[in-house]
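Computed from a prediction, not measured in an experiment: that's the story for all the values here. Counting starts at 1 for both ligands and their atoms, following the listed order. Values reported hereafter were calculated over all heavy atoms of this structure, with side chains retained and with hydrogens, waters and symmetry mates removed.
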Amino acid sequence: MVLITGASGEMGHALIEALAKEGTPVLAADVRQLPHGLAEQCVAVLTGAEGDVTSPAFVERAAQFPIGQIFHLAAVLSTAAERDPVRAHRVNVDGTLAVLSLAQQRGEQVRHPVQVMFPSTIAVYGFGSLEEKQRISAVREDQALHPHTLYGIAKLHCERLGEYYTNHYMQLAGEARWVDFRALRFPGLISAETLPSGGTSDYAPEMLHAAAQGITYHCFVRPSTRIPFMAMPDGIKALRMLANAPAEHLSQRVYNIGAFAPTAEEIAAIVRRYFPDAVIEYDVDERRQAIVDSWCADVDDSAARRDWGWQPEYDFERAFAEYLVPAVTRRYRQITPVQQ
Ligand code: SER
């Protein structure tokens, strides 16, 4: 059985659908109710305190299921975390510790490692200035690890915690492992089906969803802002590829993955190309701007390509032409995009 925490979030949606389609039994956990149509695809759903990774009720209840793999998606995103760092630390760090302990106990009980898949982020990187950001065009996993935000600090710490749990319990167990932690540092994800909440890369999906609904969009970063992005199907594909990679192929437990890295203005231009009436204005929020300015312009994902064959399916053009524009149009059915 596969446990998914944060199951009603953006990535949870897409992952449940992918797993359920293959008949994998899913135990979904989220403090919120799962949206209609999603809960039905799971064999069991934990919500309220039982779905809250910070609550003892979660650990107690989840321990009753035969969990072999965990996708630990529950987290407070970057902008929301800056607003309430104490809550974000509780959810993002204490919640991860609870999930790792759950995995360790279950692994030890069944004498087999429980895999913990963890979405980390480009927010673990931190540059002191825009000049410094521009100097390193594609950051490696071991560079510039000086996160400015609580979100980035917490994710970086959790990467280390995951590595620690994997190695510490191996030392205690001799040759066996009880936890098999693997993490991906995701770029901003763009989904046609859902909108993120509380993230700082949200301007890209928000711009597209607003255009498809004929709503004016006030972009909260400067046109020249550049960070990496990825279409949601590639995010899910990457998670599953890393999960399925043979352990002996992995030279590290934390991997960058990239797809495309446009500026905000390049995103606005492609949105306008498909939705010529889109109104996109710039109304910079200095705090959110400072967050994305501290993140990398792009990532070096050569380790993922070498170790487990990472290759995105969607580049910038293809993501819009073949996934985002058709799906977002179906979703709102208001404005017909221009055929390219
Ligand atoms: N998309 C996330 C955010 O904006 C970054 O990982 O918070």
Side-chain angles (χ1 to χ4, degrees), residues 5-6 9-15 71-85 87-89 91-93 95-96 117-127 133 139 141 144-159 162 183-209 219-222 225-236 238-239 242 254-264 267 284-299 301 319 324:
T5 70
E10 278 222 285
M11 209 183 274
H13 260 82
L15 185 61
F71 289 88
H72 174 41
L73 311 181
V76 176
L77 290 184
S78 54
T79 292
E82 291 306 283
R83 291 196 188 116
D84 191 347
R87 171 175 168 259
H89 192 277
V91 174
N92 295 11
V93 177
T96 301
M117 296 302 301
F118 183 69
S120 190
T121 166
I122 52 166
V124 298
Y125 300 113
F127 295 96
K133 168 174 174 156
V139 72
E141 282 91 344
L145 293 172
H146 304 288
H148 295 198
T149 59
L150 191 284
Y151 179 71
I153 292 167
K155 287 283 188 179
L156 186 57
H157 177 59
C158 290
E159 288 180 0
L184 287 167
R185 288 189 185 152
F186 279 103
L189 289 167
I190 316 179
S191 168
E193 316 298 337
T194 49
L195 272 164
S197 66
T200 319
S201 58
D202 297 4
Y203 59 90
E206 284 173 0
M207 216 182 261
L208 170 70
H209 284 250
C219 181
F220 56 81
V221 296
R222 285 188 303 271
T225 306
R226 188 188 297 280
I227 59 166
F229 283 97
M230 178 176 287
M232 183 62 88
D234 270 338
I236 300 302
L239 259 182
L242 178 58
V254 179
Y255 288 91
N256 279 343
I257 42 163
F260 44 88
T263 62
I267 301 169
V284 175
D285 176 325
E286 292 304 337
R287 283 197 174 170
R288 300 182 94 182
Q289 181 71 57
I291 293 175
V292 279
D293 282 349
S294 76
W295 295 352
C296 55
D298 202 355
V299 290
D301 61 3
L324 292 169

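Distance check, rounded to the nearest 0.5 Å: CG of Leu242 to CE of Met117 gives 4.0 Å. The line from CD of Glu159 to OG1 of Thr96 is 11.0 Å long, rounded to the nearest 0.5 Å.
Panel note: side chain Arg185, backbone Val254; no donor-acceptor pair is recorded below 3.5 Å.
Of the options Phe260, Trp295, Phe186, Tyr203, a ring pair (Phe, Tyr, Trp, His ring centres under 6.0 Å) to Phe229 is made by Tyr203 and by none of the others.
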Pairs of nitrogen or oxygen atoms, one from ligand 1 and one from the protein, closer than 3.5 Å: please tabulate them with distances.
{"from": "ligand 1", "atom 1": "1 (N)", "to": "Ser201", "atom 2": "OG", "distance (Å)": "2.8"}
{"from": "ligand 1", "atom 1": "4 (O)", "to": "Ser78", "atom 2": "OG", "distance (Å)": "3.3"}
{"from": "ligand 1", "atom 1": "4 (O)", "to": "Thr200", "atom 2": "N", "distance (Å)": "2.6"}
{"from": "ligand 1", "atom 1": "4 (O)", "to": "Ser201", "atom 2": "N", "distance (Å)": "3.0"}
{"from": "ligand 1", "atom 1": "4 (O)", "to": "Ser201", "atom 2": "OG", "distance (Å)": "3.3"}
{"from": "ligand 1", "atom 1": "6 (O)", "to": "Thr121", "atom 2": "OG1", "distance (Å)": "2.7"}
{"from": "ligand 1", "atom 1": "6 (O)", "to": "Tyr151", "atom 2": "OH", "distance (Å)": "3.3"}
{"from": "ligand 1", "atom 1": "7 (O)", "to": "Ser78", "atom 2": "N", "distance (Å)": "3.0"}
{"from": "ligand 1", "atom 1": "7 (O)", "to": "Ser78", "atom 2": "OG", "distance (Å)": "2.5"}

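Of all the heavy atoms in Arg288 and Gly199, the pair that sits closest is NH2-O, 2.6 Å. Between Ala261 and Arg226, the shortest heavy-atom distance links the atoms O-NH1, 2.7 Å.
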